[in-house]
There are 2 protein chains.
Amino acid sequence: MRPENKPTGQESGSFIERARRAQIIASAIEVIADQGFANASLARIAKHAGISKGVISYHFAGKDELMEQVVDQVYADIARYVLERMEGHKSATALLRTQITAVAQHMREHRSQVKALGEIFYNLRLPDGTPRYGVAASEELFQSLELIYRHGQESGEFRLFDVRVMAVSHTAAVDNMFAYWVTHPGHDLDAHARELADIFVHATRAEGALP
Amino acid sequence: MRPENKPTGQESGSFIERARRAQIIASAIEVIADQGFANASLARIAKHAGISKGVISYHFAGKDELMEQVVDQVYADIARYVLERMEGHKSATALLRTQITAVAQHMREHRSQVKALGEIFYNLRLPDGTPRYGVAASEELFQSLELIYRHGQESGEFRLFDVRVMAVSHTAAVDNMFAYWVTHPGHDLDAHARELADIFVHATRAEGALP
DNA sequence: CTAGTTTCTGGCCATGCGGCCAGAAAACAA
DNA sequence: TTGTTTTCTGGCCGCATGGCCAGAAACTAG
């Protein structure tokens, strides 16, 4: 029999259960990151992990659940990493810079994870063909960024602008920074991040502010 | 026998040949735009066009050639549309604004085409699994944008910044403007474009410049 | 050791895919 | 009209996929 995969918040299942799930998730990340979502079959993921295909079916309800677990784990890692580094900063400008550079640092240290996240985010679909994630799933991130932007507007650091458009553009620029770096591995990701932070600082600052 | 699909620059083949290819390309665009690349099989594209699957094989060397034809056609349409509207403008600031708003106008009028382009761009892979297009294929666009940015820096309109990072971020923001609009159809695309143009004008302008 | 449970293997299944082809049909040429 | 070429149909092929299962193996409890 299969263990009922109840998505309880706390870790559950036997030691083997948890270890296997972690191993399979890690294998999925690696395969997706360097073969692409479309080529990441259960057979490939199993072979890469050195286990039989049936094990995946045994520990996960299906391919979709495995993909969602990957997203949940990687996304939570990024959020924790970035939020930790943002704590303590008060000015909107500092928060903005820190958000961008912290994301870049995390990307540099977790290339495969972030790449796999993007692949799944963009490709996974519901049975009816509509995207499982996609832009709509970034709503939470948009709102977090909007908090920073509104904070800056209220404090007078930032000029008035549409915070939604700024948040969408910010997210896009950060995501594409990653994609560009993946395609051009020699590219200096941290320098790109600093330059990108400059762009948004200039784009947002109040008219009269000193450079 | 099949007509040898020599990719000559000029239109070739019989009247039927040209009409069928156009019809199949149009059908592919519609299917990809609302089912996604992964669900756009030759069978679906043929059914949507009301023809037999074999016709596609008859008029195209394979699925990959069909996808590349879609990309070539849609990409050329966008480039022509935007470049026409940029002609005549001289200041870098005006060129920048025009580029962004013109792209948005084209997107609004050619939603399916642009969506299909993005799907293929992101998903089509070579036999070895590496992306057929992807970020690397945007190199030409990056260089065009860099011309504008360097022009502004040389004329003194723009501050000094890394033109490559600016071009990558610009492309990303425009692409995501489209993705956001597709997910939120009620969103005002033209207003978003004006706001986005403001963002890049502020991000690029020289320190001493008047608002 | 034995009985029961968890975990794993290897293979089978139905489905959908892209490519291909034999021959029908349509368009065209004489 | 007749013969020839172009175009189209419908179906078949080999292949890969995700899901599934019967039984083997490993582990655990008594």
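Naming: A, B, ... by sequence-line order, numbering from 1 per chain. Not measured: the values here are computed from a predicted model.
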Are Tyr58(A) and dT7(C) close enough that a side-chain N or O sits under 4.0 Å from OP1 or OP2? yes

Between Arg20(B) and dC8(D), is there a side-chain N or O to OP1/OP2 distance below 4.0 Å? yes

Review item, nucleotides 22-28 of chain D N/O atoms under 3.5 Å of protein N/O:
none

Got a salt bridge between Glu30(B) and Lys115(B), using NZ or NE/NH1/NH2 to carboxylate O under 4.0 Å? no

Rounded to whole Å, how long is the line connecting atom CD of Gln23(B) with atom C1' of dT7(D)? 13 Å

Distance-only side-chain donor-acceptor flag, Tyr58(B) / Arg20(B), under 3.5 Å: no

Atom pair distance, as rounded to whole Å: NZ in Lys53(B) and P in dC13(D): 13 Å

Arg125(A) CZ to dG18(D) C1', straight-line distance once rounded to whole Å: 19 Å

Establish, with yes or no, whether the OP1 or OP2 oxygen of dC17(C) is under 4.0 angstrom from a side-chain nitrogen or oxygen of Ser41(B). yes

Under 4.0 Å from OP1 or OP2 of dT6(C): is there any side-chain N or O of His59(A) that close? no

Tell me: CZ of Phe37(A) to P of dA16(D), nearest whole Å? 19 Å

To the nearest Å, give me how far apart CE (Met67(A)) and C1' (dG19(D)) are. 15 Å

Candidate list Tyr122(B), Phe121(B), Phe37(B), test ring-ring contact (aromatic ring centres under 6.0 Å, His included), partner Tyr122(A), passing option: Tyr122(B)

Kindly confirm or rule out a cation-pi arrangement of Arg21(B) over Phe60(B), judged by NZ or CZ under 6.0 Å from the six-membered ring centre and within 45° of its axis? yes

Nearest-Å distance for atom pair CD1/P, residues Ile45(B) and dG16(C): 17 Å

Please tell me whether Glu139(A) and Gln143(A) have a donor and an acceptor in their side chains that are separated by less than 3.5 angstrom. yes

Rounded interatomic separation in angstrom, taking NZ from Lys63(A) and P from dG18(D): 4 Å

So with a 6.0 Å cut-off around CD of Glu140(B), is the heavy-atom count from everything else above 12? no

Just to confirm, is there a sub-4.0 Å distance from OP1 or OP2 of dC17(C) to any side-chain nitrogen or oxygen of Arg44(B)? yes

Are Arg132(B) and Glu68(B) within salt-bridge range, i.e. N to O under 4.0 Å? yes

Between the side-chain atoms of Ser52(A) and the base atoms of dG10(C), is any donor-acceptor pair under 3.5 Å? yes

Separation of atom CD1 in Ile51(B) from atom P in dA24(C), rounded to whole Å: 22 Å

